[in-house]
J.: 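Structure incoming, see below.
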Amino acid sequence: MATARKPQPPPAHDVRLRPPADRDEASVRVWRFVREPFRAATWRQVAYALLALPVGVACVLLSPVGAPTGRWQRALVHRFLARPEGGLTEGGLTEGGSTDILPDTGVPEGAEPPGPLKGFVHALLAAPLNLLVLAVTGYGWSIVPMNLGWPLRAGSDYANAWGGPTFAGAWAFHALVGGVGFLLLMPWLGRVMAAVQLRLAAALLS
């Protein structure tokens with residue numbers, strides 16, 4: 001005669017192996033912050049920051065002769081800043097609900113390209129912003145190798161140097177604060193500046 005099998009209790013989960021949700025979220029945020037200098041998107045932003053001003057100056061000069069300066073500038077934005085999916089919506093969100101600070105320009109690739117007049121207006125109005133972005137980008141990123149390689153430019157007197165009076169202390173201070181610190185800071189500052197540049201391009205080159 002078969003005996004009834006007793007129901008087995010559900011397996012107990014070892015909660016010690018599962019970190020709290022807030023700890024997971026904090027780890028993800030730290031990882032996103034630390035990985036930013038090593039992403040391709042970061043260096044596309046840097047490339048746009050360096051190219052936007054000289055390309056804009058060239059467009060100001062070439063627009064009166066009918067050159068397709070609007071198409072050139074919009075192509076530059078799409079190449080270095082725009083995301084392949086989503087569109088620009090009010091509030092800085094993309095159509096897919098993403099909160100990425102660099103949404104698409106909202107100008108489809110197949111749309112009629114802006115003419116020389118729009119190219120001239122955008123190049124002229126964006127020049128002050130592009131100059132500021134170029135200066136901040138160039139100076140901010142140059143600080144990183146300058147401080148990581150601080151011994152190459154340091155003199156023989158470390159007493160008055162930041163982190164001194166010892167050589168090791170001065171180098172550690174410059175490397176951590178000026179080198180690693182700006183390495184982590186510049187990508188996020190670049191995201192903010194690129195978002196402003198992208199919004200201006202979306203308004204004037206659509």
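For the single chain, residues carry numbers from 1 onward in sequence order.
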J.: To the nearest 0.5 Å, tell me how far L134 CG sits from M193 CE.
T.: 9.5 Å

J.: May I ask you to test the L132-P128 pair for a side-chain heavy-atom distance under 4.5 Å?
T.: no

J.: Given side-chain contact (heavy atoms from CB on, under 4.5 Å), test Q197 with V133 step by step and report yes or no.
T.: CA-CA 9 Å; Q197 290 177 303; V133 171; 3.8 Å; yes

J.: Hey, what do you get for OG (S63) to CG (L124), rounding to the nearest 0.5 Å?
T.: 9.5 Å

J.: Heavy-atom distance under 4.5 Å between the side chains of L200 and L129, does that happen here?
T.: yes

J.: Using side-chain contact (heavy atoms from CB on, under 4.5 Å), reason through V121 and K118 one step at a time and then give a plain yes or no.
T.: CA-CA 5 Å; V121 172; K118 285 189 174 182; 5.7 Å; no

J.: Mind checking the OG1-CG spacing from T137 to L53? Nearest 0.5 Å is all I need.
T.: 11.5 Å

J.: Is Q73 reaching over with its side chain to a backbone N or O of G119, donor-acceptor style, under 3.5 angstrom?
T.: yes

J.: For the residue pair R191 and E36, establish whether any side-chain heavy-atom pair is separated by less than 4.5 Å.
T.: yes

J.: Would R39 and R44 count as a side-chain contact (heavy atoms from CB on, under 4.5 Å) if you check the C-alpha gap in whole Å, the side-chain angles of each, and the deciding distance to 0.1 Å?
T.: CA-CA 9 Å; R39 297 178 65 235; R44 287 197 297 268; over 6 Å; no

J.: To the closest 0.5 Å, what do you measure between NE2 (H78) and CG (L198)?
T.: 9.0 Å

J.: Counting distance only, does the side-chain N/O of T42 pair as donor-acceptor with the main-chain N or O of P37 below 3.5 Å?
T.: no

J.: Give, for atom CG of L81 and atom CD of Q45, the distance between the pair rounded to the nearest 0.5 Å.
T.: 7.0 Å

J.: Would you check if F182 and N147 make a side-chain contact, meaning some heavy-atom pair closer than 4.5 Å?
T.: no

J.: In this structure, would L51 and V60 fall into the same cluster of hydrophobic residues linked by side-chain contacts under 4.5 Å?
T.: no

J.: Are V57 and V65 joined in one hydrophobic group, where the rule is that I, L, V, M, F, W and Y side chains link up if heavy atoms are under 4.5 Å apart?
T.: no

J.: CD1/I143 to NE2/H174 distance, rounded to the nearest 0.5 angstrom?
T.: 11.0 Å

J.: What's the verdict on side-chain contact (heavy atoms from CB on, under 4.5 Å) for L62 and W72, showing C-alpha distance, side-chain angles and the deciding distance?
T.: CA-CA 11 Å; L62 295 175; W72 294 347; 3.7 Å; yes

